[in-house]
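Nothing here was measured: the structure is a model prediction, and the numbers come from that model. Just so you know, these numbers use all the heavy atoms, side chains as well, and skip hydrogens, waters and symmetry mates. Numbers restart at 1 for each chain; the letters A, B, ... are given by sequence-line order, proteins then strands.
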Number of protein chains: 4
Amino acid sequence: MILRIDPSSPEPLFQQLVNCVKSAVATGRMRPGDKLPSVRELARELVVNPNTVARAFQVLDAEGVTYSRRGSGTFVAEPRPTLRKDEGLRRYRAALDALLADALHMGLDAHDMWGGFEESLAELHFPPRGEEEREDDDE
Amino acid sequence: MILRIDPSSPEPLFQQLVNCVKSAVATGRMRPGDKLPSVRELARELVVNPNTVARAFQVLDAEGVTYSRRGSGTFVAEPRPTLRKDEGLRRYRAALDALLADALHMGLDAHDMWGGFEESLAELHFPPRGEEEREDDDE
Amino acid sequence: MILRIDPSSPEPLFQQLVNCVKSAVATGRMRPGDKLPSVRELARELVVNPNTVARAFQVLDAEGVTYSRRGSGTFVAEPRPTLRKDEGLRRYRAALDALLADALHMGLDAHDMWGGFEESLAELHFPPRGEEEREDDDE
Amino acid sequence: MILRIDPSSPEPLFQQLVNCVKSAVATGRMRPGDKLPSVRELARELVVNPNTVARAFQVLDAEGVTYSRRGSGTFVAEPRPTLRKDEGLRRYRAALDALLADALHMGLDAHDMWGGFEESLAELHFPPRGEEEREDDDE
DNA sequence: GTGGTCTAGACCACA
DNA sequence: GTGGTCTAGACCACG
């Protein structure tokens with residue numbers, strides 16, 4: 001099972017699950033159309049309350065990563081950008097600023113940060129989205 | 001004033017202050033021995049509750065970034081790495097993985113991610129490596 | 001109080017609340033910066049569980065209609081388009097198709113639909129968003 | 001075949017079928033007395049569970065849109081308005097208010113909303129008013 | 001069986 | 001006081 005959770009982490013459980021799924025999809029370990037485990041099944045596996053799993057799925061649905069159908073289950077959605085590019089960039093930059101500031105406080109230097117970034121980016125290996133579909137359509 | 005706060009940010013106010021100070025210290029804008037403003041003074045400037053400032057200072061003290069002397073104020077402490085480097089790198093990579101996966105789902109491509117990374121890194125106006133090790137805290 | 005709920009409606013309670021707030025903001029009855037009632041207070045007024053109100057607020061936050069800050073409350077956000085225009089149009093059209101088909105089944109004719117649309121649109125009176133900020137930036 | 005279903009839509013399958021039939025009847029593509037396909041036949045064509053088709057037919061029968069004769073099949077019924085017109089208009093307006101408020105939050109302007117409305121209305125290929133009142137159900 | 005909604009109540013984090 | 005997370009368990013809607 002790809003989806004794991006660390007109950008001792010300060011990060012909310014449902015948030016961990018959300019990130020887990022996003023990561024799995026982004027790296028190709030889960031593909032569009034794949035069925036996720038059912039809410040109850042996953043809750044049993046992860047030893048959390050079904051509501052917690054349901055909330056994670058709701059978030060994923062809302063962000064367009066998955067879609068759920070009553071009676072059949074939850075599935076990985078086709079990638080379809082819904083956010084404006086400028087909004088996406090804004091959120092990315094905000095998160096990155098915080099992350100790098102934190103990394104600095106943990107004693108990492110620019111070299112470490114570059115290296116980590118390259119490794120992390122490589123994991124997405126990018127072909128699925130079409131390599132370079134540039135869109136300069138933002139204001 | 002180096003210390004700024006964005007009340008509309010989702011990040012807790014005290015946390016913003018903590019990061020702000022850490023950043024200032026890490027980049028050399030504040031140096032060991034420097035005196036921070038008093039809780040009340042800073043609270044007035046930032047228009048926040050003094051409790052919020054006090055909590056930030058308490059956290060900074062606890063993390064060894066500053067030290068407080070009753071009656072005289074709060075000062076920047078000598079730098080001492082609290083985390084082992086590999087642990088820092090591990091956390092950095094984990095956070096970055098989640099962030100980049102998210103960026104992908106938001107419709108960003110590798111070009112966007114690199115660009116944002118470069119900009120974000122530049123904003124740290126990174127201290128030349130080695131400088132942070134110097135001991136001549138001239139003031 | 002602007003916010004009302006009909007417990008006998010088949011529409012989920014939290015969804016009714018979400019629509020209520022969106023409507024109030026869209027028509028100018030609530031304005032950016034306005035504070036919404038607290039989760040507990042609103043739950044008491046509407047005679048629903050606080051979790052139900054909290055969920056509505058989470059949805060509103062996620063859609064950028066409001067923002068919440070622990071310790072201070074939930075506020076109407078500045079209007080800031082986050083969705084791609086094509087995605088917004090797609091969802092609008094889908095909802096409208098269903099609505100019109102339903103109206104047809106209820107015995108309304110084209111004249112009724114036009115009239116209702118004009119009245120409904122008039123309630124937004126539109127000045128707040130700048131009348132005609134055209135954006136042809138979608139593909 | 002007039003009846004289509006989109007399995008990736010959030011709308012329940014049986015509900016889609018119901019609306020489909022209602023729409024076909026309302027626009028004259030199916031006329032009173034017309035025979036609908038059998039449950040099993042339709043289920044095969046649409047690749048859905050026969051239970052789903054049966055439920056749709058049951059709803060249609062209950063709403064008076066169709067009537068079923070054991071052993072011979074399901075037929076389109078004579079039109080008879082089930083709701084008072086003002087009640088229909090009231091519901092239409094209420095739904096439209098919510099929809100337009102939502103559209104506004106999604107960044108659409110009045111121009112977009114009008115355009116979408118016109119397109120959506122056109123798709124109903126509206127029957128000329130009065131035609132739906134005719135009694136000569138020739139077949 | 002599946003997901004969705006709601007309630008009740010506990011506990012935590014923030015100002 | 002505020003909002004946020006999680007659990008437990010009930011009930012409904014769908015296939």
Side-chain angles (χ1 to χ4, degrees), chain A residues 5 7 9-17 35-43 46-61 66-75, chain B residues 5 7 10-18 43 46-56 59, chain C residues 5 7 9-17 35-43 46-61 66-75, chain D residues 5 7 10-18 43 46-56 59:
Chain A
I5 270 187
S9 161
E11 195 181 15
L13 302 181
F14 82 90
Q15 192 61 257
Q16 290 182 50
L17 226 188
K35 186 178 184 311
L36 278 69
S38 82
V39 168
R40 293 158 171 82
E41 184 186 345
L42 195 48
L46 301 177
V47 197
V48 299
N49 190 288
N51 285 330
T52 303
V53 177
R55 170 146 190 216
F57 283 10
Q58 281 163 11
V59 171
L60 289 165
D61 279 11
T66 61
Y67 64 89
S68 296
R69 308 233 297 106
R70 260 205 281 241
S72 28
T74 297
F75 306 84
Chain B
I5 273 187
E11 196 179 16
L13 301 183
F14 88 93
Q15 193 60 259
Q16 288 183 51
L17 228 187
V18 167
L46 302 176
V47 195
V48 299
N49 192 305
N51 289 334
T52 305
V53 177
R55 169 144 189 216
V59 170
Chain C
I5 269 186
S9 161
E11 194 181 16
L13 302 181
F14 83 90
Q15 193 59 259
Q16 291 182 49
L17 226 188
K35 186 177 183 309
L36 277 70
S38 82
V39 167
R40 293 158 172 83
E41 184 186 345
L42 195 48
L46 302 176
V47 196
V48 299
N49 189 289
N51 284 333
T52 303
V53 176
R55 172 149 185 214
F57 283 11
Q58 280 164 9
V59 172
L60 289 165
D61 280 11
T66 60
Y67 62 90
S68 297
R69 306 234 297 108
R70 259 206 281 242
S72 28
T74 297
F75 306 84
Chain D
I5 273 187
E11 195 178 16
L13 300 183
F14 87 92
Q15 193 59 259
Q16 288 183 50
L17 229 187
V18 167
L46 301 176
V47 196
V48 300
N49 192 304
N51 291 332
T52 304
V53 177
R55 169 145 190 212
V59 170

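Taking both residues in full, the closest heavy atoms of C:Lys35 and C:Ser72 are given as CE-O, 3.2 Å, listed atom of the first, atom of the second, then distance. Looking at every heavy atom in both residues, C:Thr66 comes nearest to C:Phe57 through OG1-O, 4.0 Å. Here the closest heavy-atom approach between residue B:Val59 and residue B:Phe14 is recorded as CG2-CE1, 4.0 Å.
Partner C:Thr74 forms a side chain to side chain contact (heavy atoms under 4.5 Å, CB included) with one of C:Val53, C:Leu60, C:Leu36 and no other, that one being C:Leu36.
The CD-P distance, from D:Gln15 to F:dA13, rounds to 12 Å in whole Å. Between the C1' atom of E:dG4 and the CG atom of A:Leu60 lies a distance of 16 Å, rounded to the nearest Å. As rounded to whole Å, 13 Å separates atom P of E:dG4 from atom OH of A:Tyr67. Between the CG atom of D:Asn49 and the C1' atom of F:dA13 there is a distance of 15 Å, given to the nearest Å. Atom-to-atom, CZ of A:Arg69 to C1' of F:dG15 comes out at 9 Å; the value is rounded to the nearest Å. Distance, A:Glu11 CD to F:dC6 C1': 15 Å, rounded to whole Å. Atom-to-atom, CG of C:Leu36 to P of F:dG3 comes out at 9 Å; the value is rounded to the nearest Å. When the C1' atom of E:dG1 is taken as reference, atom NZ of A:Lys35 falls 10 Å away, rounded to whole Å.
Taking only side-chain nitrogens and oxygens, A:Ser72 never comes nearer than 4.0 Å to OP1 or OP2 of E:dG1. In this model, the phosphate group of F:dT2 is approached by a side-chain N or O of C:Ser38 to a distance below 4.0 Å at OP1 or OP2. The phosphate of F:dC14 (OP1 or OP2) has a side-chain N or O of D:Arg55 nearer than 4.0 angstrom.
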Could you go through D:Leu13 and A:Arg69, starting from their C-alpha distance and side-chain angles, then the distance that decides it, and tell me whether this counts as side chain to side chain contact (heavy atoms under 4.5 Å, CB included)? CA-CA 10 Å; D:Leu13 300 183; A:Arg69 308 233 297 106; 3.8 Å; yes
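Along DNA chain F, the nucleotide nearest A:Val47 and the nucleotide nearest D:Phe14 are compared for position; the residue whose nucleotide lies closer to the 5' end is A:Val47. Each of A:Ser68 and B:Thr52 was matched to the nucleotide of DNA chain E holding its nearest heavy atom; the match closer to the 5' end belongs to A:Ser68. Comparing D:Pro12 and A:Pro12, the nucleotide of DNA chain F nearest to each residue sits closer to the 5' end for A:Pro12.
Within the 4.0 angstrom heavy-atom criterion, base atoms lie near C:Asn51. Nucleic acid contact class of C:Arg40 (heavy atoms, under 4.0 Å, all strands): base.
Checking E:dG3, F:dG3, E:dT7 against every side-chain atom of C:Leu13, the shortest atom distance belongs to E:dT7. The side chain of A:Asp61 has E:dG4 as its nearest neighbour among F:dG15, F:dG3, E:dG4. When distances run from any side-chain atom of A:Val48 to the nucleotides F:dT7, E:dC6, E:dC14, the shortest one goes to F:dT7.
Between D:Leu17 and D:Thr52, the closest side-chain pair of non-hydrogen atoms is not below 4.5 Å. Counting only heavy atoms from C-beta outward, the side chains of A:Gln58 and C:Arg55 approach each other to under 4.5 Å.
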Dot-bracket encoding per residue of DNA chain E, Watson-Crick/G-U cut-off under 3.5 Å, | denoting interstrand: ||||||||||||||.
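To the nearest 0.5 Å, atom CZ of residue A:Arg40 and atom CG of residue A:Asn49 are 11.0 Å apart.
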